There are 2 protein chains.
Amino acid sequence: MAIQLVTQSVGDALVTSLRERILADEITAGTAVTEASVATEYKVARQTAKAGIERLVGEGLLERTAHRSARVPLLDETRVQDLYFARGVIEVRAYELLASKRLLTPEALTAHEAFQACSTGSNVADIVQADVAFHRALIDGLESDRLSRAHSVIINEIRLCLAQVQNAHLLAPAEIAEEHQTIITAIRDGNVPRAGEVGLEHLRHAERNLLEYLRR
Amino acid sequence: MAIQLVTQSVGDALVTSLRERILADEITAGTAVTEASVATEYKVARQTAKAGIERLVGEGLLERTAHRSARVPLLDETRVQDLYFARGVIEVRAYELLASKRLLTPEALTAHEAFQACSTGSNVADIVQADVAFHRALIDGLESDRLSRAHSVIINEIRLCLAQVQNAHLLAPAEIAEEHQTIITAIRDGNVPRAGEVGLEHLRHAERNLLEYLRR
DNA sequence: TCCCGAAAATTGTTCGTCAAGTTATCTCAC
DNA sequence: GTGAGATAACTTGACGAACAATTTTCGGGA
């Protein structure tokens with residue numbers, strides 16, 4: 001068996017870079033992301049740029065209608081609600097299943113500790129990153145490619161919202177860490193209903209904060 | 001306000017057509033779907049064909065690795081298990097939520113009746129179609145675009161499996177209709193845990209049948 | 001000011017080309 | 001005959017240019 005090399009096509013690299021920049025709020029909402037601009041910026045063919053944009057549209061990180069430029073979608077109330085509702089459907093059931101199996105992967109625990117570690121710091125992007133990583137690690141524990149993928153799409157769009165809000169109205173990191181701990185405890189105890197409840201409560205807090213920010 | 005016309009780009013039409021043909025098992029698993037063949041068959045440019053194929057790869061209806069032709073994925077055990085697991089996570093929680101709201105849309109009831117109507121017939125494709133439509137209608141009742149979308153991707157891949165199996169090993173349509181009825185009843189009664197349980201049971205039956213077929 | 005039409009910008013789609021990687025074929029040594 | 005290696009054929013990756021269709025912008029009249 002030959003050693004496997006990890007290669008990446010130009011198109012893949014382009015999508016990865018664009019995705020990062022969007023999630024980092026470097027490409028701000030509302031500004032046009034034209035095929036030509038991406039093409040010249042990255043020195044790639046327009047077709048390549050087009051393909052990349054289309055993939056991101058598929059992920060919900062860009063929006064476009066026919067013959068008009070793609071844009072990073074603007075955060076609005078219905079979007080946030082839809083996003084957290086869909087996320088809740090997946091995560092609540094996932095946490096219940098994890099609890100029923102008392103399944104806590106080392107990755108999830110590591111992610112939790114990593115969050116606690118950087119929660120004392122002030123870098124908001126890091127905190128968001130660590131928060132997302134924790135939830136992702138929990139879902140990944142169920143070892144379902146399809147579920148992880150569905151969850152990932154939704155959570156990426158949520159990261160988009162968080163990026164736009166920035167440090168403005170996040171919960172206190174300490175509070176988030178505490179809620180994460182209750183989720184872990186519920187799973188470890190095999191307390192199925194509680195795992196679902198605290199998971200849902202955790203999401204509700206995040207959603208409420210975002211909505212309050214939007215309504216001000 | 002002008003009257004809105006529904007138009008469709010060539011690319012969209014191509015994807016729609018290919019998706020239908022794949023789900024109808026007209027493009028059988030394993031056979032190569034090359035960019036050139038699609039291009040000549042539909043008389044479109046290779047670029048257009050490529051874009052269409054890539055979109056279907058994103059939906060899980062085609063598989064491809066770098067520099068090799070796309071193929072309709074072959075049904076195998078782990079795939080079926082992953083698919084039904086992910087579907088279960090979404091549907092179980094969705095049915096519980098529907099029950100907690102006693103939410104039964106006219107569309108869902110209509111879909112149920114439509115299934116019963118064609119369950120006496122022998123056309124397998126119609127039955128699969130009606131079955132999928134019923135579950136879709138239930139999920140759509142929650143009115144979450146993101147959830148419907150995530151569910152749709154998974155269920156399309158399941159349709160792929162069902163298409164490959166054909167009439168071979170489906171449950172008896174009458175049995176399916178009966179299980180659908182129990183789901184509806186549980187939702188109507190607002191019996192939350194039961195809605196989740198019978199939903200899960202329904203999926204388990206379908207999964208078990210598919211797996212038995214695969215293992216023979 | 002408001003509306004209309006021309007110009008500019010942008011996407012949709014096609015063609016042709018070359019490079020790079022994969023698969024199939026064929027030959028030659030053994 | 002058979003296996004290994006070279007060769008050819010096929011396929012995708014990426015680019016550049018071009019034209020049509022559509023949207024947006026903008027300037028000039030009424």
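Since this is a predicted model, take the numbers as computed values, not measurements. Chain naming here is simple, since letters A, B, ... match the order of the sequence lines and numbering starts at 1 in each.
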Task: A:Glu179 and A:Arg204: CA distance, side-chain angles, deciding distance, salt bridge (Lys or Arg N to Asp or Glu O under 4.0 Å) verdict - done: CA-CA 12 Å; A:Glu179 291 184 359; A:Arg204 262 205 239 284; over 6 Å; no
TODO: Classify the ring geometry between A:His180 and A:Phe115 as parallel (under 30°), tilted (30 to 60°) or perpendicular (over 60°).
DONE: tilted
Open item on the list: Taking side chain to side chain contact (heavy atoms under 4.5 Å, CB included) as the criterion, tell me which of A:Asp82, A:Val92, A:Ile155 meets it with A:Arg87.
Closed with: A:Ile155
Open item on the list: With a cut-off of less than 4.0 Å, is there a side-chain N or O of B:Arg64 near OP1 or OP2 of D:dG13?
Closed with: yes
- [ ] Please tell me which of the listed nucleotides, D:dC15, D:dT23, C:dT13, lies nearest to the side chain of A:Arg68?
- [x] D:dT23
Between N or O atoms, less than 3.5 Å apart, protein on one side and nucleotides 18-22 of chain D on the other: list the pairs.
residue	atom	partner	partner atom	Å
D:dA18	N6	A:Arg46	NH2	3.2

Open item on the list: Just N and O in the side chain of B:Lys50: are any of them under 4.0 Å from OP1 or OP2 of D:dG13?
Closed with: yes
Task: Nearest-nucleotide 5' precedence on DNA chain D, A:Val44 against B:Ala70 - done: B:Ala70
Task: Integer-rounded Å distance: D:dT11 C1' and B:Arg71 CZ - done: 11 Å
Open item on the list: Given A:Leu62, which partner from the list A:Ile22, A:Leu160, A:Ile27 fulfils the side chain to side chain contact (heavy atoms under 4.5 Å, CB included) test?
Closed with: A:Ile22
Task: Stretch residues 29-37 of chain B: residues that reach within less than 4.0 Å of DNA chain C through a heavy atom - done: none
- [ ] Look up atom CD in B:Gln129 and atom CG in B:Asn123, then write down how far apart they are to the nearest 0.5 Å.
- [x] 10.5 Å
TODO: Would you indicate whether the side-chain heavy atoms of B:Val72 and B:Thr28 approach each other to under 4.5 Å?
DONE: no
Task: Test item: A:Leu210 and A:Leu162 side chains (from C-beta on) under 4.5 Å apart, heavy atoms - done: yes
TODO: Answer whether the closest heavy-atom distance between the side chains of A:Cys161 and A:Leu83 falls below 4.5 Å.
DONE: yes
TODO: Would you kindly give the CD-to-P distance between A:Gln8 and D:dG13, to the nearest whole Å?
DONE: 14 Å
Open item on the list: Here's a test of your reading of the structure: between A:Ser69 and B:Ala45, which maps to the more 5' nucleotide of DNA chain C?
Closed with: A:Ser69
TODO: Apply salt bridge (Lys or Arg N to Asp or Glu O under 4.0 Å) to the pair B:Glu157 and A:Arg146, showing each step before the final yes or no.
DONE: CA-CA 10 Å; B:Glu157 225 179 309; A:Arg146 308 272 181 322; 2.6 Å; yes
Task: A:Arg79 vs B:Asp145, salt bridge (Lys or Arg N to Asp or Glu O under 4.0 Å): CA-CA, chis, key distance, verdict - done: CA-CA 9 Å; A:Arg79 172 182 291 266; B:Asp145 289 346; over 6 Å; no
Task: A:Thr48 vs D:dC15: side-chain N/O to OP1/OP2 distance below 4.0 Å - done: yes
TODO: Specify the residues of residues 52-62 of chain A, ordered by number, for which at least one heavy atom lies under 4.0 angstrom from an atom of DNA chain C.
DONE: none
Open item on the list: In the structure I gave you, are the side-chain heavy atoms of B:Tyr84 and B:Leu211 within less than 4.5 Å of one another anywhere?
Closed with: no
- [ ] Round to a whole Å and report the spacing from CG of B:Asp12 to C1' of C:dT11.
- [x] 13 Å
- [ ] Determine: side-chain N/O of A:Ser9 to OP1/OP2 of D:dA14, distance under 4.0 Å, yes or no.
- [x] yes
